[in-house]
Amino acid sequence: MPGFELFGDKERKEVQDVMDSGVLMRYGFDGMRNGHWKTKELETGLSQRMQSKYVHAVSSGTAALTVALASAGIGAGDEVIIPTFTFVASFESILALGAVPILVDIDDTLTLKPEAVEKAISSQTKVVMPVHMCGSMANLDALKAICDKHGLLLLEDACQAIGGTYNGKPLGSIGGLGCFSFDYVKTITCGEGGAIITDNKGYYENAHQYSDHGHDHIGNNRGAEEHPFLGYNFRISEMNAAVGVAQLARLDEFLAIQKRNYTILRDALSDIPEVVFRTVPDGGEENYSFLNFFMPTEELAQVAHQELIESGVDGCFYWYDNNWHYYKKWEHLTQKKSLGRLPKDVLEALPDYSKADFSESDKWMSRNISCLIKLGWSEEEVAERAKKMVDAIKSSI
């Protein structure tokens with residue numbers, strides 16, 4: 001996903017603006033800035049691109065999820081439904097607020113299975129959090145209908161999917177809240193950074209205050225600002241935001257390259273009958289950051305993955321055995337390992353995931369291979385890669 005592959009003069013210019021002013025903080029120091037407000041500029045650009053009224057930039061995608069949940073009043077004992085295939089930040093953000101992550105199965109979209117979501121809803125459920133892993137989305141119409149039926153918040157974790165769309169709307173803008181990550185290996189990068197988008201003014205007001213120690217940001221004297229409620233520090237720096245300003249302006253450029261490279265690889269693999277591609281829901285367009293496909297069996301997927309490695313095809317992942325992205329290796333969650341004592345609400349309500357049956361998820365993940373789409377490949381390199389992939393997969397069958 002990395003935008004850092006195409007990092008250059010545009011990013012350097014934005015960073016130099018900050019260096020010339022000497023103001024690295026997003027708030028205050030108005031007279032020293034020479035008119036440069038990089039975080040505000042990034043937020044304005046995201047608001048326009050994501051078709052959302054309000055945007056607040058923060059220090060990371062994990063911070064974005066945490067602040068988004070807090071902005072909606074999620075706290076002790078509240079349940080948040082998430083998929084078994086995600087990054088650990090999804091449940092970390094939930095636990096950080098004393099809430100309870102409820103894992104449910106995925107389907108052939110590699111994201112939340114709507115029927116599993118409906119089955120998991122309890123009196124404590126407050127949020128359904130689809131995670132648009134590897135650049136594509138869940139059946140958002142079905143999930144939104146479930147949320148509307150039960151009075152739940154739909155919060156989109158679009159950290160890996162910026163630029164994707166659903167029924168013509170940007171991913172992240174369909175739910176009540178949407179979150180993005182701009183770390184070093186996302187489609188666009190700030191080095192470290194993230195953002196929350198919403199059309200809900202209340203959520204936005206809570207978010208920008210909570211992420212800055214509860215400051216209300218009223219007036220032009222930071223020391224005189226009021227503190228409506230407790231908060232924490234999830235601020236992004238002007239330096240990071242400056243990189244993001246340049247990268248956001250290049251998003252369409254990056255997406256076009258990803259789509260070109262993705263299409264070459266997918267067209268080549270389409271000639272292999274045993275290969276079945278991940279389902280993208282009707283009306284959805286992924287951001288083409290990964291090419292995901294299924295092999296007929298777990299055994300064939302493992303053999304094909306090894307053949308790809310031995311053929312020199314890098315960036316292909318077998319998430320089923322991955323330490324960070326699939327529930328099977330989350331022993332720190334299943335064993336409740338924490339530096340401090342977990343809240344009573346969490347300990348009492350957290351399911352025993354060491355005994356959970358996620359065989360439906362296993363059915364899909366055990367047969368999945370996920371291949372990163374890089375920006376730096378030439379068309380010739382992609383064509384060569386496609387041939388290597390076809391040969392490796394055919395030799396594994």
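These numbers were taken from a predicted model, which means no experiment stands behind them.
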- Test side chain to side chain contact (heavy atoms under 4.5 Å, CB included), reference Pro130, set Leu143, Ile174, Leu155, Leu171, output is Leu143
- Message: Here's a test for you: under side chain to side chain contact (heavy atoms under 4.5 Å, CB included), which of Asp157, Leu65, Val67, Ile82 qualifies with Ser93?
- Response: Leu65
Ignoring hydrogens and angles, tell me if any N or O in the side chain of [X] forms a donor-acceptor pair with the backbone of [Y] under 3.5 Å.
| X | Y | value |
| --- | --- | --- |
| Glu11 | Gly8 | yes |
| Glu5 | Leu375 | yes |
| Asp345 | Gly98 | no |
| Arg266 | Asn261 | no |
| Asn240 | Cys190 | yes |
| Thr44 | Glu41 | no |
| Ser395 | Asp391 | yes |
| Gln247 | Thr189 | yes |
| Gln258 | Asn287 | yes |
| Thr39 | Arg26 | no |

Student check: side-chain heavy atoms of [X] and [Y] closer than 4.5 Å:
| X | Y | answer |
| --- | --- | --- |
| Val382 | Ile373 | no |
| Thr111 | Ile106 | no |
| Tyr262 | Glu286 | yes |
| Val390 | Asp271 | no |
| Arg278 | Ser136 | yes |
| Glu384 | Glu379 | no |
| Val18 | Val23 | no |
| Asn139 | Tyr166 | yes |

Under a 3.5 Å threshold, yes or no: a donor from one side chain and an acceptor from the other, between [X] and [Y]?
| X | Y | value |
| --- | --- | --- |
| Gln160 | Ser181 | no |
| Ser370 | Asn292 | yes |
| Asp20 | Gln16 | yes |
| Asp362 | Tyr327 | yes |
| Asp267 | Ser270 | no |
| Gln306 | Glu310 | yes |

Measure the spacing between [atom1] of [X] and [atom2] of [Y] and express it to the nearest 0.5 Å.
| X | Y | atom1 | atom2 | answer |
| --- | --- | --- | --- | --- |
| Asp17 | Asn34 | CG | CG | 9.0 Å |
| Thr334 | His332 | OG1 | NE2 | 9.0 Å |
| Leu300 | Ser366 | CG | OG | 11.0 Å |

- Task: Evaluate the criterion side-chain hydrogen bond (donor to acceptor under 3.5 Å, both in side chains) for residue pair Asn206 and Ser71; output intermediate values, then yes/no.
- Result: CA-CA 5 Å; Asn206 288 342; Ser71 76; 5.7 Å; no
- Phe293-Ile264 co-clustered via ILVMFWY side chain contacts under 4.5 Å: yes
- Query: Are Ile81 and Phe87 connected in the hydrophobic side-chain network, where two residues link if heavy atoms are under 4.5 Å apart?
  - Reply: yes
Compare every heavy atom of [Y] with every heavy atom of [X], then report the nearest pair and how far apart it is.
| X | Y | answer |
| --- | --- | --- |
| Leu95 | Pro101 | CD2-CD, 3.6 Å |
| Gly73 | Asp78 | O-OD2, 3.9 Å |
| Leu97 | Thr66 | CD1-O, 3.6 Å |
| Gly176 | Thr198 | O-OG1, 2.7 Å |
| Leu248 | Gly45 | CD2-C, 3.5 Å |
| Ile188 | Phe254 | CG2-CD1, 3.8 Å |

Should the pair [X] and [Y] be assigned to parallel (<30°), tilted (30 to 60°) or perpendicular (>60°) ring geometry?
| X | Y | answer |
| --- | --- | --- |
| Tyr27 | His217 | parallel |
| Tyr326 | Tyr320 | tilted |
| His208 | His56 | tilted |

For [X], is the [atom1] atom crowded, meaning more than 12 foreign heavy atoms sit under 6.0 Å from it?
| X | atom1 | value |
| --- | --- | --- |
| Asp282 | CG | no |
| Lys329 | NZ | yes |
| Lys144 | NZ | no |
| Met19 | CE | no |
| Phe29 | CZ | no |

- Item | Proximity of His215 and His227 rings by center, below 6.0 Å | yes
- Query: Do the ring centers of Trp364 and Phe85 come within less than 6.0 Å of each other?
  - Reply: no
- Query: Does NZ or CZ of Lys201 fall inside the cone over Tyr54's six-membered ring, less than 6.0 Å from its centre and within 45° of the axis?
  - Reply: no
